[in-house]
2 protein chains.
Amino acid sequence: MAVPHDLTTLVHDCADCPIRHRAVCARCETDELQRLEQIKYYRSYQAGQTVVWSGDRMDFVASVVTGIATLTQTMEDGRRQMVGLLLPSDFVGRPGRSTAAYDVTATTDLVMCCFRKKPFEEMMTGTPHIAQRLLEMTLDELDAAREWMLLLGRKTAREKIASLLAIIARRDASLKLRAAQGSLVFDLPLTREEMADYLGLTLETVSRQMSALKKDGIIELEGKRHIIVPNFDALLEETGDDSDGGFLV
Amino acid sequence: MAVPHDLTTLVHDCADCPIRHRAVCARCETDELQRLEQIKYYRSYQAGQTVVWSGDRMDFVASVVTGIATLTQTMEDGRRQMVGLLLPSDFVGRPGRSTAAYDVTATTDLVMCCFRKKPFEEMMTGTPHIAQRLLEMTLDELDAAREWMLLLGRKTAREKIASLLAIIARRDASLKLRAAQGSLVFDLPLTREEMADYLGLTLETVSRQMSALKKDGIIELEGKRHIIVPNFDALLEETGDDSDGGFLV
DNA sequence: TTCTTCGCTTGATCTGCATCAAAGGCAGAC
DNA sequence: GTCTGCCTTTGATGCAGATCAAGCGAAGAA
């Protein structure tokens, strides 16, 4: 279902390109793209596997091709907070730093497109296009982080759950499957515990609020993971966010 | 006391420059710097004044020269969460977007060094150095945002307060005044309410925890704003963070 | 001087979520 | 088939921090 991605998204930002993440785009097949192709390689991880531990050496940068990875921070006493959720086409790693700042974990089977940091950095100095694209992506991530901060600091448990569901629904490629009526179907890529780590809650509270949303008819559950949202607007109502819509318009 | 800053920090990243934020640095006085000088202008704001409202047109980017500004998000019902704290040398504004995503407010008297977005962006495409520097700064901000997320999601009120004090102490230029003994003196640039908005708490809880830290001898208070930290390590103990030190070594 | 305002502190009470605990459902191993 | 382990749900209870409320002190205005 999902179209494969790789780091070509770095040099690839044609607003009018019909398939935004195609591995090769006629308009973007430039020198940069070809040079990237030469130094890239792929790595696979199984669900549950750790990609790197916080503090460990990380001598590559990468973008997610398929699957989902998380960035988490852990306190000495074991309290955990997820600080990043990496979906296909997302970038991880920081040029100019050699150790990972967070635990990176595959929550599903995962394929990443990697570049050893050295040649990537060398390339970056020679190709302004890449630094600009990377800046753009980083600014998007910063915006997402700031919305996440509002969620963590000020939203109720119910609002947090609704917001997370809305975020995942928005980014899930399978949303193309949605029926005309505004209903939406997708699979949760996270366990209750991972949702809790995302939201700054306990897994029990997550479970209770999921049940409550179900009881109130905001969502339907098939099994633990398969979600049906009969009315996306009703879900958005629960997030506490401004109802700008903006999505599905 | 504070050394003036301006956007020269954008093209200026000499690790061995003795005064990292000098307005002009011999090693950095390049073409870029001179071109930046030509298009920059300054704006001043009084304490409490709003620089831009979320959603408004924002046709410039800027960096803080002196004073402190905040980025906040507000929900319809009035709940507020601070999502950024801008100290001297910090950058605000996003190339490639024309409206502000957050309220930007001066919490003290504020001077900013501004660039109209158009010429700035034009310059950026011609000078890879600037995009790279901006990327680096944005990545730093992203890291700060992620640490902030851990704070918001998992820390207790007491840990939040201690963390905020540690963050401000770390960044306050006047820390050079610290006595040999590891004690530290600084002025809080925020009201109790602003601290609460930063930390995802109420102002009452902030006040209570400040009193508690004072009672326990972690901090001393002179008036409402002037803080003395007799033992910085003791404060760090309260933050819940790994005691990597790293600072003041 | 006194009044008002604003930022702050402190007390009393309430409540949303955490914590502790038990049990159900499902998948994979044997 | 049963057993085992993991994820999840649900219930009972407790507590950290929110909420409601009162009052203080300093700065400025009349």
Side-chain angles (χ1 to χ4, degrees), chain A residues 46-49 75 77-81 105 107-109 151-165 187-216 219-227 238 240, chain B residues 46-49 70 75 77-81 105 107-108 151-165 187-216 219-227 238 240:
Chain A
Q46 294 181 336
Q49 233 185 321
M75 295 170 68
D77 61 6
R79 281 176 282 174
R80 286 162 56 86
Q81 176 64 52
T105 311
T107 63
T108 65
D109 287 347
L151 178 151
L152 289 171
R154 294 302 187 193
K155 289 191 178 180
T156 66
R158 185 184 176 98
E159 288 168 340
K160 287 179 175 181
I161 299 284
S163 301
L164 175 56
L165 294 178
D187 284 299
L188 266 182
L190 304 174
T191 65
R192 299 289 183 266
E193 184 171 21
E194 285 161 347
M195 293 173 69
D197 284 343
Y198 188 112
L199 300 170
L201 297 171
T202 59
L203 67 92
E204 293 96 329
T205 297
V206 170
S207 180
R208 272 184 251 272
Q209 295 298 335
M210 290 287 288
S211 301
L213 287 176
K214 179 180 166 186
K215 184 166 69 64
D216 296 346
I219 61 173
E220 292 160 30
L221 276 170
E222 268 173 22
K224 316 298 188 187
R225 300 293 197 89
H226 193 69
I227 309 276
E238 300 290 338
Chain B
Q46 293 180 338
Q49 231 184 324
T70 62
M75 294 170 69
D77 61 6
R79 281 176 281 174
R80 286 163 54 87
Q81 176 64 52
T105 312
T107 62
T108 64
L151 179 152
L152 289 170
R154 295 302 188 192
K155 289 190 177 179
T156 65
R158 185 183 176 99
E159 288 169 340
K160 286 179 175 180
I161 300 283
S163 301
L164 175 56
L165 294 178
D187 284 300
L188 264 183
L190 304 174
T191 66
R192 298 289 184 264
E193 184 171 21
E194 286 160 347
M195 293 173 69
D197 285 342
Y198 187 111
L199 299 170
L201 297 171
T202 59
L203 69 91
E204 293 95 330
T205 298
V206 171
S207 179
R208 273 184 251 273
Q209 295 297 337
M210 292 286 288
S211 300
L213 288 176
K214 179 179 167 190
K215 185 167 68 65
D216 296 345
I219 60 173
E220 291 160 30
L221 277 169
E222 267 173 24
K224 316 298 189 186
R225 299 296 197 90
H226 193 69
I227 309 277
E238 299 290 338

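Order of the sequence lines fixes the chain letters, A, B, ..., with proteins taken first and strands second; residue numbering starts at 1 for each chain.
Put simply, CG on B:L151 is 15 Å from C1' on D:dG17, counting in whole angstrom units. The separation between A:L201 atom CG and D:dT8 atom C1' is 16 Å, rounded to whole Å. If you measure from atom CZ of A:R79 to atom P of D:dA16, you get 13 Å, rounded to the nearest angstrom. Rounded to whole Å, the distance from NZ on A:K215 to P on D:dT9 is 15 Å. Rounded to whole Å, atom P of C:dG11 lies 14 Å from atom CD of B:Q209. The CG atom of A:L213 sits 15 Å away from the C1' atom of D:dT9 (whole-angstrom rounding). Distance B:L199 CG to D:dA16 P: 18 Å, rounded to the nearest Å. In this structure, CG of A:D187 is placed 17 Å from P of D:dC7, rounded to the nearest angstrom.
Note that the CG atom of A:L213 and the CG atom of A:L165 stand 7.0 Å from one another [nearest 0.5 Å]. The CZ atom of B:R154 sits 9.0 Å away from the CG atom of A:L152 when rounded to the nearest 0.5 Å. Note that CE of A:M210 is 8.5 Å distant from CG of A:L164, once rounded to the nearest 0.5 Å.
Checking the phosphate oxygens (OP1, OP2) of C:dA18, a side-chain nitrogen or oxygen of A:T202 falls inside 4.0 Å.
In the helix from C:dT1-D:dA30 to C:dC30-D:dG1, the end axes, each obtained as the rotation axis mapping the C1' atoms of four pairs onto the next four within a five-pair block, lie 30° apart to the nearest 10 degrees.
Applying the 6.0 Å contact sphere to CD of A:E204 captures more than 12 heavy atoms from other residues, nucleotides or ligands. Heavy-atom neighbours of A:E220 CD from other residues, nucleotides or ligands within 6.0 Å: above the threshold of 12.
For the pair A:A212 and A:R158, the tightest heavy-atom approach, listed with the atom from each and the gap, is CB-NH1, 4.1 Å. Of all the heavy atoms in B:T107 and B:A47, the pair that sits closest is O-CB, 3.9 Å. Nearest heavy atom pair, residue B:S163 against residue B:K155, reads OG-NZ, 2.9 Å.
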>> Before you tell me yes or no, could you show the steps for A:M75 and B:E159 under side chain to side chain contact (heavy atoms under 4.5 Å, CB included), namely the whole-Å CA-CA distance, both residues' side-chain angles and the distance that decides it to 0.1 Å?
In response: CA-CA 12 Å; A:M75 295 170 68; B:E159 288 169 340; 4.1 Å; yes
> When you look at B:I227 and B:D187, which way does the side chain to side chain contact (heavy atoms under 4.5 Å, CB included) test go after all the steps?
Replying inline: CA-CA 6 Å; B:I227 309 277; B:D187 284 300; over 6 Å; no
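A heavy-atom distance below 4.0 Å to DNA chain D is reached by none of the residues of residues 152-165 of chain A.
Side-chain contact check for A:L203 versus A:M195: every heavy-atom pair is 4.5 Å or farther apart.
Backbone-only contact: B:G200 has heavy atoms under 4.0 Å from sugar-phosphate atoms and none from a base.
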Distances under 3.5 Å between protein N/O atoms and the N/O atoms of nucleotides 7-9 of chain C, please, pair by pair.
| residue | atom | partner | partner atom | Å |
| --- | --- | --- | --- | --- |
| C:dC8 | OP1 | B:R225 | NE | 3.4 |
| C:dC8 | OP2 | B:R192 | N | 2.8 |
| C:dT9 | OP1 | B:R192 | NH2 | 3.2 |
| C:dT9 | OP2 | B:R192 | NE | 2.7 |
| C:dT9 | OP2 | B:S207 | OG | 2.8 |
| C:dT9 | O5' | B:S207 | OG | 3.1 |

